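Have a look at the structure below before the remarks.
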Amino acid sequence: MGLLNFDGEPLSWEETKKYASHVREHGITQFLNIYEKLKNRHGDILKWGDEVEYSLLHFDHENRKVQLVLRGEKICEKLMEKEENDPDSCDSLWRKEYARYMIEGTPGKPYGGLMAHFNMVEANMALRRKEVEEHLHENERIASLTVFPRLGCDSFTLPEHKIEGPESNPVSRSLFYPDGAITSHPRFSLLTRNIRERRGKKVAINVPIFKDVNTPSPFQETFPNPEANAASKPDHIYMDCMGFGMGNSCLQLTFQACNIDEARKLYDELATVCPLMLALSAASPIFRGYLADIDVRWNVISASVDCRTDEERGLKPLKNDRFVIRKSRYDSIDSYLSRGTNLCNDLNLEVDEGVKKRLEDAGIDETLAQHIAHLWIRDPMTLFSKKINLDDANESDHFENLQSTNWQSMRFKPPPPKSSIGWRVEFRVCEAQLTDFENAAFVVFIVLLTRVILTYKLEFLMPISMVDENMQEAHKNDAARKSEFWFRRNVQTNDSPQCCSCLFNNSCNLSDIKDEMYQKMSLDTIVNGKPDVFPGFIPLIKTYLNNVEVDIATRCSITEYLNLISKRASGEYLTTAQWMRDFVLSHNEYKKDSVVTDGITYDLLWKCDQIAKGEVEDTKLFCKPKNKSSYSMPPGTRRHNTPKSHMVNGNSNGV
Ligand code: GLU
Ligand code: MG
């Protein structure tokens, strides 16, 4: 959700609503124009890139307190100057994010076809960290931290913002998270306000609390505010605004495919991998100063931007709204995209029938048409006065408006008009890891997995309801070690995009064959393999690597990365979430009451900072090889003519 430009005055929700049909209609026209022009575009090389969101911390050593520093936005502006002056020479690109303490960085150029690029990822991440460090004041640190443990607690920002009640924060009306922490670009506060106004009340986020021996039972906070008391659930940590979700950080990857069909295939296959990578990258066991009984942020962000009305959530009969909608606009994907996957698309998809018909009449196949028509059930959440009447042949803002506020686990991205970028997909679930080494390991692992899927024509699809079940499973405390996930028993059904031939026989009932086709497996089995049960992602990747040429340095790095992923999956290394949880539980200030105090947070994040810097190593989390190479841009990537937005990651429209 990094962002670039802004055009005209922001419109209120009432005004935006009036233009909803206009935006939807022209958005489809813009999509059709792009599709018509580029549907046969072929031969783009496989490119990929990572995107890491960072937070800025300030350590007050005297008072043993750590706070989020609201200088990310300003530092980002400084870092972006280089790109404005000479985009071709940038090794990194920077974007503002939702909160003023955040900043988002990507490599300056996408990585491409060379195996040696796998050895650039970590060095580029290190370089990015260094670039930010040059702008930090004393006692400030940059951290790739998914959730600040005391987000929303008293004085968690620097400068501090006092909150007296919802009136202190006219934008979000939060009791905990100051409007002053939201990045000043109007898009972010507009989204926050409009989501709340569309919903008709504040968002309500309730995370199950981790019940320790001294945690009150039931755990029920009382707030000086009736709305909060009504919205907060017993035994849950209550949060009340967008910042609690969009103010979190993640690691994302974008792939450019060689054509639209390959992008659709990657979208589908990777969608099944999302819950697994969410569980494996888990890094969020603490919310608003309490230990939670979940390990990941996903459902929190989902609830933090849930703009559905009571009618849409099925709480009241439909009267003013168009649909009952099962999910928030931030959630896992609802349908596969490749042709022939319809029977695996077993969710009852809400679609805008008019949009679907329009797309089908224009020659788009049913599967793609229904994907877009499903995204189009949403209203645009922001609109700017100079961006209402557009040139649909050359602009795509209305399309992007709805597309980029459908924050799903995967995103299918058509090429922007007038650019050299091809069809892309975005992998959006991973939690940010503390170190560049770990972040690089996740990136390299997922990219290699895509190579294996495409090279060996593997097939991971399962009914999408099972992927949803896996997404929820991935949230559980210690899911990486304890949970089992649905996965296909046989992934080597070459050239068969359908779930199985049986599924195409209408007399065959999915539940009859479910056990035959799919089984629940541990992450260890799925990632590392188990004889006679499942081949394992890492053995498949190793087979692939044995058949391609890789220089020794790159091979060494890849081996270390695969080792980390393998051991996280086997449970030998802890996920970041489990490691943090252990840190809190064994801290001498911890009173076994689920409370993560300022002092504990200070010690925890100081340790995290030392680990990120390589000053200390924690062998429960990982063992990092010494002497990693420093970054230089691969020669093959310099000559591309780079547009002024992220080239592969290219999301110029923010949240
Ligand atoms: N910060 C969000 C997350 O943690 C992602 C926002 C984005 O799409 O850039 O998932
Ligand atoms: Mg982002």
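Ligands are counted one by one from 1 in listed order, and the atoms in each one are counted from 1 as well. Keep in mind it's a predicted model, so treat the numbers as computed, not measured.
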Exercise: do Asp468 and Ser332 side chains pair donor with acceptor under 3.5 Å: yes

Here the gap from Thr157 atom OG1 to Tyr101 atom OH, rounded to the nearest 0.5 Å, amounts to 9.5 Å

Between Arg297 (side chain only) and Met246 (backbone N and O only), is there a donor and an acceptor less than 3.5 Å apart? no

Which of the numbered atoms in ligand 1 are below 4.0 angstrom from a heavy atom of Arg428? 8 (O)

Heavy-atom nearest neighbour of atom 2 (C) of ligand 1 within options Glu104, Glu53, Met102: Glu53

Please state which part of Ile301 comes within less than 4.0 Å of ligand 1, counting heavy atoms only: side chain, backbone, both or neither. side chain

In this structure, does ligand 1 have an atom that sits under 4.0 Å from one of the heavy atoms of Glu431? no

I'd like the atom name of the N/O/S atom in Glu97 lying closest to the Mg ion (ligand 2). OE2

Do Glu431 and Thr576 get their side chains close enough for a donor-acceptor pair, meaning under 3.5 Å? no

Assess Glu104: does it contribute an N, O or S atom lying under 2.8 Å from the Mg ion (ligand 2)? yes

Quick one: does ligand 1 sit under 4.0 Å from the side chain of Tyr330, the backbone, both or neither, non-hydrogen atoms only? side chain

Is there a polar contact, in the sense of an N or O pair closer than 3.5 Å, between Asn248 and ligand 1? yes

Once you measure the plane-to-plane angle for Phe437 and Tyr561, does it fall in the parallel (<30°), tilted (30-60°) or perpendicular (>60°) bin? tilted

Could you tell me which atoms of ligand 1, counted from 1 in the order shown, lie closer than 4.0 angstrom to a heavy atom of Gln252? 5 (C), 7 (C), 8 (O), 9 (O)

Taking the basic N atoms (NZ, or NE/NH1/NH2) and the acidic carboxylate oxygens, is any pair closer than 4.0 Å for Arg128 and Asp50? yes

Can you tell me the N, O or S atom of Glu53 that's nearest the Mg ion (ligand 2)? OE2

Side chains of Asp179 and Ser172: do they bring a donor and an acceptor to under 3.5 Å? yes

